[in-house]
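Data first, discussion second: the structure below is written as structure tokens.
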Amino acid sequence: MSVLNNSEVKLFLLIGIPGLEHAHIWISIPICLMYLVAIIGNCAILFIIKTESSLHEPMYYFLAMLAVSDMGLSLSSLPTMLRIFLFNAMGISPNACFAQEFFIHGFTVMESSVLLIMSLDRFLAIHNPLRYSSILTSNRVAKIGLTLAIRSILLVLPFPFTLRRLKYCKKNLLSHSYCLHQDTMKLACSDNKINVIYGFFVALCTMLDLALIVLSYVLILKMVLSIASLAERLKALNTCVSHICAVLIFYLPIITLAAMHRFAKHKRPLVVILIADMFLLVPPLMNPIVYCIKTGQIREKILGKLLNICKSVNR
């Protein structure tokens, strides 16, 4: 569905899963469960890190930042996805769409930045473990967190303003269940070169984060291989497993989508939509699970809290 005359578009239309509109109510059940687990999991990590003084260390502070960015991604996409799958309500006003894409892109950039800092944190912990705590003090970690937040806001702040200056007069059908900058700007019937150039610049910044993460792990691997003992090598690498999983979970959907748009001549819209939905649903869901499984201190503290709650209920 699209607007065929030259009057300005008053409403954008989001889509669910093409061909499965009749099953949207059933699809909403796993989506709701994924959102619920993601929100509860990230809230649990934030609560444990805040209340347990033994976890007041740089690694866990950065994990808290990752949980905040995951929560932001979940809550930014939650309203429109649930409206579509629960109530079949696909319309969204341009201003609401611009606001949503600002938050989605902002928290995406923030998550990318946090993953980069976490890789540098692991590099520093392995390279100079004796000075690790003195270099990454609580004050410096707070400044790093503030810098990441400011960077994320400043990078995506032009998006809603550059989108608002465009005219939308012929098309109003978007390609996903939520608003994205690159998707919205394609609907414009006026010149969108500024949006294309600036959108490419922001994408390059995110890819630069990934390149620096890869570089940090190349250096980490080089240091680990120089360790004589096999047991010490495995111990050093084990501290990085959770972060590597988080990087793969976050970047794989982005890289897959980019490759499909660039190289696939006959890409199926259904596959593109599913991968795009995974980008917002899977990282917030899986990161708390991965860190709970692979990080002993987090797992023990959460299990301890749950046991205390169970004992209190039984009394």
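What you see below is based on every heavy atom in this structure, not just the backbone, and it leaves out hydrogens, waters and symmetry mates. Sequence positions, counted from 1, serve as the residue numbers for this chain.
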Could you give the distance from SG (Cys205) to CZ (Phe200), rounded to the nearest 0.5 Å?
10.5 Å

Just so I know, are the side chains of Cys97 and Leu174 near enough to count as touching, which here means a heavy-atom distance under 4.5 Å?
yes

Got Phe279 and Phe250 here, is their nearest side-chain heavy-atom distance under 4.5 Å?
yes

Any idea which heavy atoms bring Ser28 and Leu86 closest together, and the distance?
OG-CD2, 3.3 Å

Side-chain touch His181/Thr162, heavy atoms, less than 4.5 angstrom
yes

With side-chain contact (heavy atoms from CB on, under 4.5 Å) as the test, would you mind laying out the steps for His243 and Ser119 before giving the verdict?
CA-CA 7 Å; His243 179 257; Ser119 70; 3.4 Å; yes

Heavy atoms, side chains only, cut-off 4.5 Å: are Ile92 and Cys179 in contact?
yes

Decide if the gap between the ring center of Phe98 and the ring center of Phe161 is smaller than 6.0 angstrom.
no

Salt bridge or not between Asp191 and Arg165? Use side-chain N to carboxylate O under 4.0 Å.
no

Verify whether one side chain among Ser113 and Arg151 offers a donor that lies under 3.5 Å from an acceptor in the other.
yes

Please work out which of the three classes, parallel, tilted or perpendicular, describes the rings of Phe201 and Tyr198, given edges at 30° and 60°.
tilted

Testing the 3.5 Å rule here: is there a donor-acceptor pair between the side chains of Tyr60 and Gln297?
yes

Which residues satisfy the side-chain contact (heavy atoms from CB on, under 4.5 Å) test with Ser242, sequence neighbours excluded?
Val290, Tyr291, Lys294, Thr295

Contact check, side chains of Cys240 and Ile126, non-hydrogen atoms, under 4.5 Å:
yes

Side-chain touch Leu219/Phe123, heavy atoms, less than 4.5 angstrom
yes

Check whether any side-chain N or O of Thr137 sits under 3.5 Å from a backbone N or O of Ser133 as a donor-acceptor pair, and report yes or no.
no

Indicate whether the side chain of Ser112 and that of Tyr251 have a donor and an acceptor atom separated by less than 3.5 Å.
yes

Quick one, Tyr61 and Leu55 - any side-chain contact, counting heavy atoms below 4.5 Å?
no

Are His105 and Gln182 close enough that some pair of their side-chain heavy atoms sits under 4.5 Å apart?
yes

Ring centroid separation His24 to Phe87 under 6.0 Å:
no

Heavy-atom closest pair (Leu280 atom, Pro283 atom, distance to 0.1 Å) is C-CD, 4.4 Å

Listed by chain and number, what are the side-chain contact (heavy atoms from CB on, under 4.5 Å) partners of Leu154, not counting sequence neighbours?
Ile150

So, Ser76 and Tyr178: side-chain donor and acceptor under 3.5 Å apart, yes or no?
no

